[in-house]
Amino acid sequence: MLAKIVFNRGGYTSLKVLVIIFLVLVAWVIVYLTGGSVTAATQLCYVPIVLSSWYWYGIGGLATGVVSGLMEGPGMDVCINGPSPQPLVDWVVRLVIFAAMGYIIGELFKRVHHQRDVIMRSGTSLIQTLAHTIELRDPYTNGHCVRVADMAVRIGERMGLSKRELLYLRWSALIHDIGKIAIPEPILNKPGKLTDEEYDVMKQHPERGEWALKSSDYGQVVKDGVGSHHERWDGRGYPRRLKGTDIPLQARIIAVPDVWDALTSERSYRPGISYEESLQIMQQGRGTQFDPKVLDIFFELIREVENHHT
């Protein structure tokens, strides 16, 4: 958990500053104890410089480089065992190198992060397009994928997932039903109850969705949710009859809002079920159909929404 806090680029600015200060001081102490600025230990200063570059790009690396240069400059002798002040030119040159390297590394990180953000935005646009395509095939699920994704992400946040994990969870939830594109229209939108044979065909959609995504880089990060969202905690789900924590976390999270939205929404074969009855059905699935931890968090969120409206 501490690692997530420290390396999460958003928020926790005060903690980040304290971490940088701590690392700068540690580097200074090590340099002092190992003999002074004449030793190779001065290279440890690059640790807080690089970390600042990651946090705050060029300006962060530059600032930490200057501070590190001053710490290892006039306040540090060339050799502690035989105290002698550093020549001005030596520590000034080191300070300039530290500052320049911090700025350059920070700007490189900035470019990398920018490219990553562009890729992520492109991925989100593609996933949203696929989600709309699913809804064109199955008009009764209009808005279903978005609602499931929104709730899945809220559950994931409560579970402490990282930003990247939450992004992939959203993508997976948005297209969890993509396999329905391969289901024949008469079965997909049949107004009555499906026969056993028709239901067997409908149950193929998780595997078909997973197959459709297998050759895509984006598909590799969402396939768990797409291929396993109909598995059950007790092992009686499909398509692989996975059980408990053998079911990927993505799928265990998506399964809860997927069923909730299906219960409360109007479908081709029945009207939406009441809020109270839907809650009872969901509760009955605790530890059998659903991961108890995920379901409990879902209930917390539902109660918070209900209390907000009362």
For the residue pair Thr195 and Glu198, what are the closest heavy atoms and their distance?
N-OE1, 2.9 Å
If you take all heavy atoms of Gly209 and Val226, which pair is closest and at what distance?
C-CG1, 3.7 Å
Closest non-hydrogen atom pair between Val66 and Leu95, with its separation:
O-CD1, 3.8 Å
Donor-acceptor under 3.5 Å (Arg252 side chain, Ile247 main chain):
yes
State, to 0.1 Å, how close Ile175 and Ile127 come at their nearest heavy-atom pair, and which atoms those are.
CG2-O, 3.5 Å
Test salt bridge (Lys or Arg N to Asp or Glu O under 4.0 Å) on Lys180 and Asp177 and set out the steps.
CA-CA 6 Å; Lys180 287 185 176 180; Asp177 278 336; 3.6 Å; yes
Please check: side-chain N/O of Glu165 versus main-chain N/O of Ser162, any donor-acceptor pairing under 3.5 Å?
yes
Carboxylate-amine/guanidinium proximity below 4.0 Å for Asp291 and Lys293:
no
Validation row: Leu44, Val26 side chains within 4.5 angstrom (heavy atoms)
no
Evaluate whether atom OH of Tyr275 has more than 12 neighbouring non-hydrogen atoms of other residues, nucleotides or ligands under 6.0 angstrom away.
yes
Salt bridge (Lys or Arg N to Asp or Glu O under 4.0 Å) for Arg240 and Glu210? Distances and angles first, verdict last.
CA-CA 13 Å; Arg240 300 181 182 87; Glu210 191 174 27; 2.4 Å; yes
Is the backbone N or O of Glu231 less than 3.5 Å from a side-chain atom of Ser228, with the two atoms forming a donor-acceptor pair by type?
no
Can any side-chain N or O of Ser52 pair as donor or acceptor with the backbone N or O of Gly61 at less than 3.5 Å?
no
Those residues at least two apart in sequence (or on a different chain) that pass side chain to side chain contact (heavy atoms under 4.5 Å, CB included) with Met101 are Tyr46, Ile97, Ile105
Nearest non-hydrogen partners of Ile187 and Leu194, listed with the distance:
O-CD2, 3.6 Å
What's the verdict on salt bridge (Lys or Arg N to Asp or Glu O under 4.0 Å) for Glu300 and Arg158, showing C-alpha distance, side-chain angles and the deciding distance?
CA-CA 10 Å; Glu300 287 177 10; Arg158 290 288 174 93; 3.5 Å; yes
Salt bridge Lys243-Asp246, side-chain N to carboxylate O under 4.0 Å:
no
More than 12 heavy atoms of other residues, nucleotides or ligands under 6.0 Å from OH of Tyr103: yes or no?
no
Heavy atoms, side chains only, cut-off 4.5 Å: are Ile273 and Thr264 in contact?
no
